[in-house]
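Single-structure report; data block below.
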Amino acid sequence: MAEEVWVGTWRPHRPRGPIMALYSSPGPKYLIPPTTGFVKHTPTKLRAPAFSFRGAPMLLAENCSPGPRYSVNPKVLRTGKDLGPAFSILGRYRTKTKLTPGPGDYFPEKSTKHVFDSAPSHSISARTKTFRVDSTPGPAAYMLPVVMGPHTVGKVSQPSFSIKGRSKLGSFSDDLHKTPGPAAYRQTDVQVTKFKAPQYTMAARVEPPGDKTLKPGPGAHSPEKVILTKPCAPIVTFGIKHSDYMTPLVVDVE
């Protein structure tokens with residue numbers, strides 16, 4: 001009879017691990033801050049002032065003071081140096097003269113209303129520009145919103161349509177001759193979209209580096225005049241005795 005109460009193959013058993021539904025509190029997952037102490041005190045409670053107990057201070061050594069090693073000047077007192085009056089010879093100070101008002105610049109007769117009690121006095125002056133009556137906008141400065149059309153404010157407007165003129169683009173009056181022809185478009189190079197073939201250029205003939213100056217030909221030489229390779233009699237030439245750069249002898253002929 002007990003097995004007929006349960007439907008299916010599931011039967012109650014002990015859970016393998018902790019189930020959060022079995023606990024009414026978060027359990028040991030959260031740490032409640034303490035209400036005592038100073039560190040990590042709960043912010044929901046008032047925290048009393050905390051004091052710490054320190055140990056006894058260390059005893060000072062006997063030789064902590066400098067002792068009589070310093071010699072204090074006897075003329076230096078609590079109020080300064082104990083010296084006699086001293087004088088020095090200095091130049092005369094230059095005093096700056098300032099222009100001060102004289103007796104004629106004051107008006108004591110006008111101080112009666114400030115010294116004695118007086119009745120209130122008023123003056124009639126011109127109207128200021130700040131508090132002008134016409135500085136506020138008038139009725140004509142305001143404009144009520146329209147109640148017709150698509151720009152109504154606070155009211156429901158019906159859909160509105162506008163009648164526009166016929167467009168000249170694509171109509172019978174459009175001049176098709178003004179459109180660009182096939183020659184107006186630049187043809188895309190085939191090498192942009194396909195494999196580029198090898199290219200060669202025909203350059204000029206490369207000459208090796210050398211001397212390009214004009215050289216003498218066979219006709220410029222005279223081999224018959226060469227006597228250095230043949231035996232010949234001694235040849236004597238008559239030259240000049242003086243230098244070419246000396247001044248020649250000038251004889252005046254009358």
Side-chain angles (χ1 to χ4, degrees), residues 29 39-40 66 69-71 73 81 86-100 128-130 132 135 137 140-143 145-146 148-153 157-254:
K29 183 177 180 181
V39 181
K40 296 182 180 179
R69 69 175 69 179
Y70 299 100
S71 58
N73 191 359
K81 292 184 178 181
F87 303 95
S88 61
I89 301 175
L90 296 176
R92 179 176 296 177
Y93 292 100
R94 294 182 179 180
T95 57
K96 295 182 179 179
T97 304
K98 297 182 179 179
L99 297 177
T100 57
T128 58
K129 296 181 180 180
T130 307
R132 293 179 61 182
S135 60
Y142 300 97
M143 181 179 295
V146 295
M148 297 179 62
H151 301 288
T152 57
V153 178
S157 62
Q158 298 296 329
S160 57
F161 304 93
S162 60
I163 301 175
K164 192 177 180 181
R166 179 178 293 177
S167 177
K168 294 182 179 180
L169 182 62
S171 62
F172 62 91
S173 61
D174 190 7
D175 189 3
L176 300 179
H177 293 283
K178 295 182 180 180
T179 57
Y185 300 95
R186 183 175 59 87
Q187 185 179 3
T188 306
D189 194 359
V190 182
Q191 299 179 1
V192 177
T193 57
K194 296 184 179 181
F195 292 101
K196 185 177 181 181
Q199 296 179 352
Y200 304 95
T201 57
M202 300 178 63
R205 180 177 295 177
V206 180
E207 297 181 0
D211 189 7
K212 296 182 180 180
T213 57
L214 296 177
K215 306 297 189 298
H221 300 280
S222 301
E224 67 277 358
K225 296 182 181 180
V226 178
I227 57 176
L228 297 177
T229 59
K230 298 179 180 180
C232 63
I235 300 174
V236 182
T237 59
F238 295 93
I240 56 177
K241 295 183 179 181
H242 57 83
S243 176
D244 295 339
Y245 301 99
M246 293 180 62
T247 304
L249 180 62
V250 178
V251 180
D252 296 335
V253 180
E254 294 180 358

(request) Find out whether Q158 and M148 are in side-chain contact, i.e. whether some heavy atom of one side chain is under 4.5 Å from a heavy atom of the other. (result) no
(request) Return yes when atom CD of E207 has more than 12 non-hydrogen atoms of other residues, nucleotides or ligands closer than 6.0 Å, and no otherwise. (result) no
(message) So, taking the atom named NZ in K212 and the one named CG in L214, what distance separates them when rounded to the nearest 0.5 Å?
(response) 12.5 Å
(message) I'd like to know whether NE2 of H221 has more than 12 heavy-atom contacts from other residues, nucleotides or ligands below 6.0 angstrom.
(response) yes
(request) May I have all residue pairs that pass salt bridge (Lys or Arg N to Asp or Glu O under 4.0 Å) and include part of residues 213-226, sequence neighbours excluded? (result) D211-K215
